[in-house]
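The structure appears below as structure tokens.
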Amino acid sequence: MASSDKSSAAKTTVQKDDSQLRQKRMIAEHFTRLARAPETGEKSVYTFVPGNLTELLRCFDLLPVLPEINALQSAMRGKSKAYIALAEKLGHSEDVCTYVKCDLGMMKSGNVGPTGERLPNPDLLLLSYTGCFTFLKWFEILRQEYDAPIALLHVPYQADGKITDAMLRYVVDQLRDKIIPALEQLSGKKYDEDRLKELMARSAEAEDDLVWVLQSARNRPSPIDAYFGGVYYIGPIFTAFRGSPEAVDYYQTLRSEIESRLEHGLGPVTPDGEIDEERFRVVVEGPPNWTHFREFWKMFADEGAVVVASSYTKVGGVYDFGFRHDPNRPLETLAEYCMGCYTNLNLPSRVEMLTRYVLDYDADGLLINSIKSCNSFSAGQLMILREVENRTGRPGGFIESDLVDPRYFSAANIRTRLESYFQMIEQKRSEAVA
Ligand code: SF4
């Protein structure tokens with residue numbers, strides 16, 4: 001690399017830090033606000049990432065708390081093992097989703113969130129039921145523990161791979177007749193649709209920038225890792241910040257950093273530095289492991305393997321095929337958003353999506369990380385793998401781990417399988433050349 005390029009690289013690393021710092025600050029401020037809620041009187045609503053109604057909550061000045069995010073943050077801080085052990089001691093089976101047990105263990109240990117501050121008890125449990133039955137059971141348990149009311153938005157599964165008018169009406173009617181009145185009662189404020197429209201216009205702006213960033217991985221080398229790096233990029237938009245000016249700023253900053261990386265022909269930044277040579281491009285299906293996140297990422301980076309697209313970065317919303325929150329149809333697009341998130345898609349739609357990713361991002365193949373805890377992702381994955389292999393003619397790989405239970409992360413096993421997978425890709429390449 002020429003010296004001017006090197007100085008540019010240093011500059012872009014600093015710029016990347018800008019977006020990371022900005023995100024860190026946003027999260028810290030949110031958790032501080034939550035910790036102070038008992039004194040300030042602000043109300044908190046526990047809700048889930050897939051199909052979340054963040055703009056609607058913000059419209060009533062309510063504070064979202066996302067239990068899955070707290071669970072994964074606990075895992076990244078090495079706390080999930082003890083929390084899960086406590087939940088199992090209290091009688092929750094080894095087979096239960098480990099996000100649930102981690103959350104319960106955290107609650108029973110004082111409900112201290114990722115920033116070290118105590119989370120407030122929920123004033124409402126808002127369940128947007130999107131493709132995962134565990135969500136229902138999880139909130140049943142929380143209702144017993146907190147004696148908090150539940151508002152349930154039933155979201156029809158996309159069994160036939162499309163959203164019909166009847167499905168749309170069904171969700172919009174629930175939003176208007178059940179969810180909004182519940183939020184009005186909790187907040188003591190009237191529903192203000194003009195305010196919701198303003199929030200949605202900001203959502204769409206941030207969504208445009210996020211999609212640009214994710215699609216930058218079509219370039220060679222890809223300037224991003226769309227799985228390990230991608231989980232940071234989706235953070236604000238899938239959690240408490242969609243619709244906020246901070247989210248718009250964050251995604252503008254992120255986009256300009258990636259534009260700069262692209263301009264200088266740079267690959268992704270990993271926790272151990274930049275990837276010098278992009279040797280493999282893969283699409284990954286399934287959530288990451290959080291207990292050994294850095295070690296897991298390094299296994300890819302050491303091989304020069306870059307993830308160019310992933311299904312996990314669509315778990316809180318699929319934006320890259322054109323969906324945006326639309327201020328002109330606020331309740332309708334909220335309904336479409338809930339029905340369109342990844343875990344609410346049927347298996348043929350998932351196969352279609354992953355096939356497009358492999359081809360559009362010119363990947364070497366599809367790799368599945370099958371998560372023990374999560375049936376919403378894992379059911380049907382072997383069929384998906386074979387089908388995508390058949391349609392693309394590119395080899396698939398399969399590894400297994402868990403979300404937040406460190407007992408199910410076998411580093412040696414995963415490394416061996418990854419090495420075999422990358423060798424298989426190389427072999428296919430040499431056969432194609434011969
Ligand atoms: S089973 Fe999967 S989708 Fe459902 S709560 Fe657990 S991790 Fe989330």
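Counting starts at 1 for both ligands and their atoms, in listed order.
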Evaluate ring pair (Phe, Tyr, Trp, His ring centres under 6.0 Å) for Tyr227 paired with Phe300, printing each intermediate quantity in order. CA-CA 11 Å; Tyr227 186 53; Phe300 286 71; 7.0 Å; no

For Val308 and Arg218: C-alpha separation, side-chain torsions, deciding distance, then whether side chain to side chain contact (heavy atoms under 4.5 Å, CB included) applies. CA-CA 7 Å; Val308 289; Arg218 287 178 171 158; over 6 Å; no

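Residue Tyr357 forms a side-chain hydrogen bond (donor to acceptor under 3.5 Å, both in side chains) with just one option from Glu285, Glu352, Lys314, and that option is Lys314. Checking Arg242, Glu55, Arg324 one by one against Tyr337, the side-chain hydrogen bond (donor to acceptor under 3.5 Å, both in side chains) holds for a single residue, Arg242.
Remark: minimum distance from atom 5 (S) of ligand 1 to any protein heavy atom is reached at Phe135 CE2, 3.5 Å.
Ordered by chain and number, Cys374 SG make up the set of protein N, O or S atoms under 2.8 Å of atom 2 (Fe) of ligand 1.
Using a 4.5 Å cut-off on side-chain heavy atoms (C-beta onward), Leu127 and Thr47 make no contact.
Here salt bridge (Lys or Arg N to Asp or Glu O under 4.0 Å) pairs that include residues 331-351, with residues two or more places apart or in two chains, are Arg329-Glu336.
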